[in-house]
4 protein chains.
Amino acid sequence: MSTSTTLVAVDDPAADTKSNVDGPGTPRRGRPRSIEADQAILTATVDLASEVGITGMSMDDVAQRAGVSKATIYRRWCSKEALVLDALRSATLPFDDVDTGTLSGDLDLYVGELIRRFGTGPMNDVLPHLIEVSCHDETIRSSLDDYIRVRRVPLRTILTRAIERDELPSETDVDVTIDMVIGAFVYRRLLSHDTIDEHFAARLRAIVFPPPS
Amino acid sequence: MSTSTTLVAVDDPAADTKSNVDGPGTPRRGRPRSIEADQAILTATVDLASEVGITGMSMDDVAQRAGVSKATIYRRWCSKEALVLDALRSATLPFDDVDTGTLSGDLDLYVGELIRRFGTGPMNDVLPHLIEVSCHDETIRSSLDDYIRVRRVPLRTILTRAIERDELPSETDVDVTIDMVIGAFVYRRLLSHDTIDEHFAARLRAIVFPPPS
Amino acid sequence: MSTSTTLVAVDDPAADTKSNVDGPGTPRRGRPRSIEADQAILTATVDLASEVGITGMSMDDVAQRAGVSKATIYRRWCSKEALVLDALRSATLPFDDVDTGTLSGDLDLYVGELIRRFGTGPMNDVLPHLIEVSCHDETIRSSLDDYIRVRRVPLRTILTRAIERDELPSETDVDVTIDMVIGAFVYRRLLSHDTIDEHFAARLRAIVFPPPS
Amino acid sequence: MSTSTTLVAVDDPAADTKSNVDGPGTPRRGRPRSIEADQAILTATVDLASEVGITGMSMDDVAQRAGVSKATIYRRWCSKEALVLDALRSATLPFDDVDTGTLSGDLDLYVGELIRRFGTGPMNDVLPHLIEVSCHDETIRSSLDDYIRVRRVPLRTILTRAIERDELPSETDVDVTIDMVIGAFVYRRLLSHDTIDEHFAARLRAIVFPPPS
DNA sequence: AGTTAAGCGAGACGGTACGTCGTGTCTTGTG
DNA sequence: CACAAGACACGACGTACCGTCTCGCTTAACT
């Protein structure tokens, strides 16, 4: 539902839909907001956050890099974290769900994508900051939760499809399986810093989806 | 080895060994550092970080709460994060490894402890901040890695013991199993915010260590 | 010319002309600096410096008393001393030059004013500090020199007028006379702490401008 | 009497006499204070104060330069200013009073000495700081007053001798004359920064002691 | 000769001010 | 209205200095 929402736009009358996409019913008086500004800000945020981290990135920096004034940023997002969260969202491509016909094939594709994202995703180091803030800010927390929930969908689709195909037993615990798979990636990425590659993926698969033996 | 190291003592000549355990060969001239101060600072940090989070906790607050001057803190730790990391360490009790005789029993104990720690640990919200900093600060990163590595030991002990007892096949992939188990806890705790309880633990166990059926 | 300059405005594009009097050619974009803040800061500085001395006056104190943030102060003055110097300037009323018609009358007025200022001037204890700083800071030094030079003008006016009136010989050494008169006041005020009153003034006059006898 | 006193030695039982010269009546038990330390500290103070000014000179600097610990300094002087004042005293040679037989000759010698001291005296920039402190610290003030008073003596001697010789009228106002002469030097040195040389001295003399015409 | 009181270098300590920086808001003038 | 520029209040940061306080050692004078 509200999965691709812009976060808490300060005074956006259409705060629960995609920003700047208010239908013709709400013509908004006065000068319309610059769409280039939106993009420039998000781009600047993604770049800067990747380069120096969220803490190392000041809002003045973002404004300057985007060629925009701070007020223009705060008119759209109510806080630094709200901006970063949306920037993260904007930088996250959706998984494209390809049905290869077999669980094995689907997983290959999915895990390959996971490796790619966890390995090089520029905004990956940004998550911890948002997590911290979300511990003390309910708004950020629910938006972040949304974002996290969405990222579970592709694997769930793959697993339920496998159950329908009778490749997995019907009593398979889909949710916790997802927790474990994504959890292992997250853990390696954020905590242990062990390598995340094909080999790791294969070992992971061998545990959760043991070969027919 | 360097697992119980004090972090980055600013000018500690024995920075890479257990603190204050330099042999009698280094008599350390001048007034010795106050041990009460050490303790007071760490305690104040743990308390404050739990109450208001790292970001909400100022170094002046810590100094005041500890009855200590800021200089005294910075003489021991070179940054806020270094302090917090050591405080986290000081607040983390070691797991006590009890051999119940069976994998099942060992896991019950271990997972119970995990639930307790991930559920209520006062310093849990502190991890994300450290993770973020560690992305851009090599010193913090390696210390944090140490800390993380240590927390893997108890589960590894349990699993290798189970292999010796022939409760698990000898080719069991211990490392990735640990990644998945702890990873699932981490993921729920930090990202999805799903409940972490006995039921979750049971489902997790059912996947990684399937009942004999 | 640059006698009524505001001191070392940190990034004032018109630092060498009267402040805020740049012609209409430089419209100064952005929010203009608050004039009330200027005044509040100077007033707070004069008050505090009089009460507790420069050393005893912290910039935080000034900010609080002025109802202003420290950044606002440092945006205008680059150091505590620069602020104090401008505060001194702002607290120094110009001498009003009254032509009484005779040297004797002019001197009475002038010296009376001198007694009043050296006796009770709230900012008098502030001079030594500025002098010290000016020994090691070229910027402060030249500004202070300006200020000092200005204070010589009234007496010079009186003396040249007396020469024109033939009350003083045309070869009178005006400069050194000024040095001696003001110097004697300064010396008593700062060094010897002897009383500065009408009697002292009379004795001084008797030496420099001996009665016709 | 107390003119060449060491200032406020912290716990010196003979605080009102020259330090370390307590008579044999008070033999002081324990290890005697190091005389080299005394000298080293004073020398370091004079040097540092000349180089970087009092404010720019920290007590740690003095201790290091003198090869002495801070405690050793504070055992002798109760504050930075007390130390500086004594250092100033130690660096000030007494005027040697030579009777040339005429006022003119005496003045030549005296004024020459004045020019030399005001021109190059390393500790000259140190006075303003002491003056400032003395505004708020009674102890420093009285010690400084002593020092200042002493420096008036030579000129007074010269003038009274001239009166005895009938070179000056007996009703000459010696005190204010001194104020003016020294005052003019002080004023040029500290405030106006005009040159202090033979020419200036000559003009000064022409005003206070006009040639017989 | 042994005791003892004090001096000494080193450096930690509490307190306090410094000047800088970042956040989110507000205020100008211009489109 | 939006926008660029930039001032503003608030508050944390990490550094520096002052004057005090241990430490363990050294140095004489007193027993």
Side-chain angles (χ1 to χ4, degrees), chain A residues 10 28-34 37 55-61 63-64 66-81, chain B residues 11 27-34 36-37 55-61 63-64 66-80, chain C residues 11 27-34 36-37 55-61 63-64 66-80, chain D residues 10-11 27-34 37 55-61 63-64 66-81:
Chain A
V10 186
R28 311 267 316 209
R29 308 209 327 159
R31 172 172 172 180
R33 294 201 180 153
S34 155
T55 305
M57 169 192 89
S58 78
M59 293 300 268
D60 291 82
D61 289 348
Q64 179 155 36
V68 139
S69 86
K70 259 201 303 179
T72 299
I73 301 178
Y74 279 103
R75 204 172 291 115
R76 289 161 167 74
W77 293 276
C78 64
S79 75
K80 187 179 181 180
E81 284 76 28
Chain B
D11 52 0
R28 304 272 296 158
R29 297 198 304 177
R31 175 171 172 176
R33 297 218 175 136
S34 156
E36 301 90 45
T55 306
M57 170 192 89
S58 78
M59 294 301 267
D60 291 82
D61 289 349
Q64 179 155 36
V68 138
S69 84
K70 253 200 302 183
T72 298
I73 301 179
Y74 280 104
R75 205 173 290 117
R76 290 163 166 73
W77 293 277
C78 61
S79 73
K80 192 180 179 179
Chain C
D11 51 1
R28 302 273 297 159
R29 296 198 306 176
R31 174 171 172 177
R33 298 220 174 134
S34 156
E36 301 90 44
T55 305
M57 170 192 88
S58 78
M59 294 301 267
D60 290 82
D61 289 349
Q64 179 156 37
V68 138
S69 83
K70 253 200 302 181
T72 298
I73 301 178
Y74 280 104
R75 203 174 291 116
R76 289 163 166 73
W77 294 276
C78 62
S79 72
K80 190 179 179 178
Chain D
V10 187
D11 52 0
R28 311 262 319 201
R29 305 216 327 159
R31 174 172 172 177
R33 295 204 179 148
S34 154
T55 304
M57 169 193 89
S58 75
M59 293 301 267
D60 291 82
D61 289 349
Q64 180 155 37
V68 138
S69 87
K70 259 202 300 179
T72 299
I73 300 178
Y74 280 104
R75 203 172 293 116
R76 289 162 167 74
W77 294 275
C78 64
S79 74
K80 187 179 180 179
E81 283 75 29

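Below, chains carry the letters A, B, ... as their sequence lines are ordered, and counting in each starts from 1.
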Comparing Ser69(B) and Gly56(C) on DNA chain E - which has the more 5′ nearest nucleotide = Ser69(B)
Smallest heavy-atom separation, Ser69(D) atom then Ala63(D) atom, equals C-CB, 4.1 Å
Earlier contact from the 5' end, DNA chain F, for Gly67(C) and Pro32(B) | Gly67(C)
For dG11(E), take OP1 and OP2 only and decide whether either is under 4.0 Å from a side-chain N or O of Arg31(B).
-> no
Rounded to whole Å, CD1 of Ile73(B) lies from P of dA12(E) at a distance of 15 Å
From OG (Ser58(B)) to NZ (Lys70(B)), nearest 0.5 Å = 8.0 Å
Is any side-chain nitrogen or oxygen of Arg33(D) closer than 4.0 Å to OP1 or OP2 of dG7(E)?
-> yes
Shortest non-hydrogen contact from Lys80(A) toward Thr55(A) = NZ-O, 4.0 Å
Length of the line joining Arg75(B):CZ and dG15(E):C1', which is rounded to integer Å = 12 Å
What's the closest nucleotide to the Thr72(D) side chain, out of dC13(E), dA9(F), dG9(E)?
-> dG9(E)
Polar atom pairs between nucleotides 13-16 of chain F and protein, under 3.5 Å, N or O only, would you list them?
unit_1  : atom_1 : unit_2   : atom_2 : d
dC13(F) : OP1    : Met59(B) : N      : 3.4
dC13(F) : OP1    : Lys80(B) : NZ     : 3.2
dC13(F) : OP2    : Met59(B) : N      : 2.5
dG14(F) : OP2    : Tyr74(B) : OH     : 2.1
dG14(F) : O5'    : Tyr74(B) : OH     : 3.2
dG14(F) : N7     : Lys70(B) : NZ     : 2.8
dG14(F) : O6     : Lys70(B) : NZ     : 3.1

Report the distance from atom CD of Gln64(A) to atom P of dT23(E), rounded to the nearest whole Å.
-> 14 Å
Kindly give the heavy-atom pair with the smallest separation between Asp61(C) and Gly56(C), and that separation in Å.
-> OD2-O, 4.2 Å
Which heavy atom of Ser34(D) sits nearest a heavy atom of Arg76(D), and at what distance?
-> O-NH2, 3.0 Å
Rounded to whole Å, CZ of Arg76(B) lies from C1' of dA12(E) at a distance of 8 Å
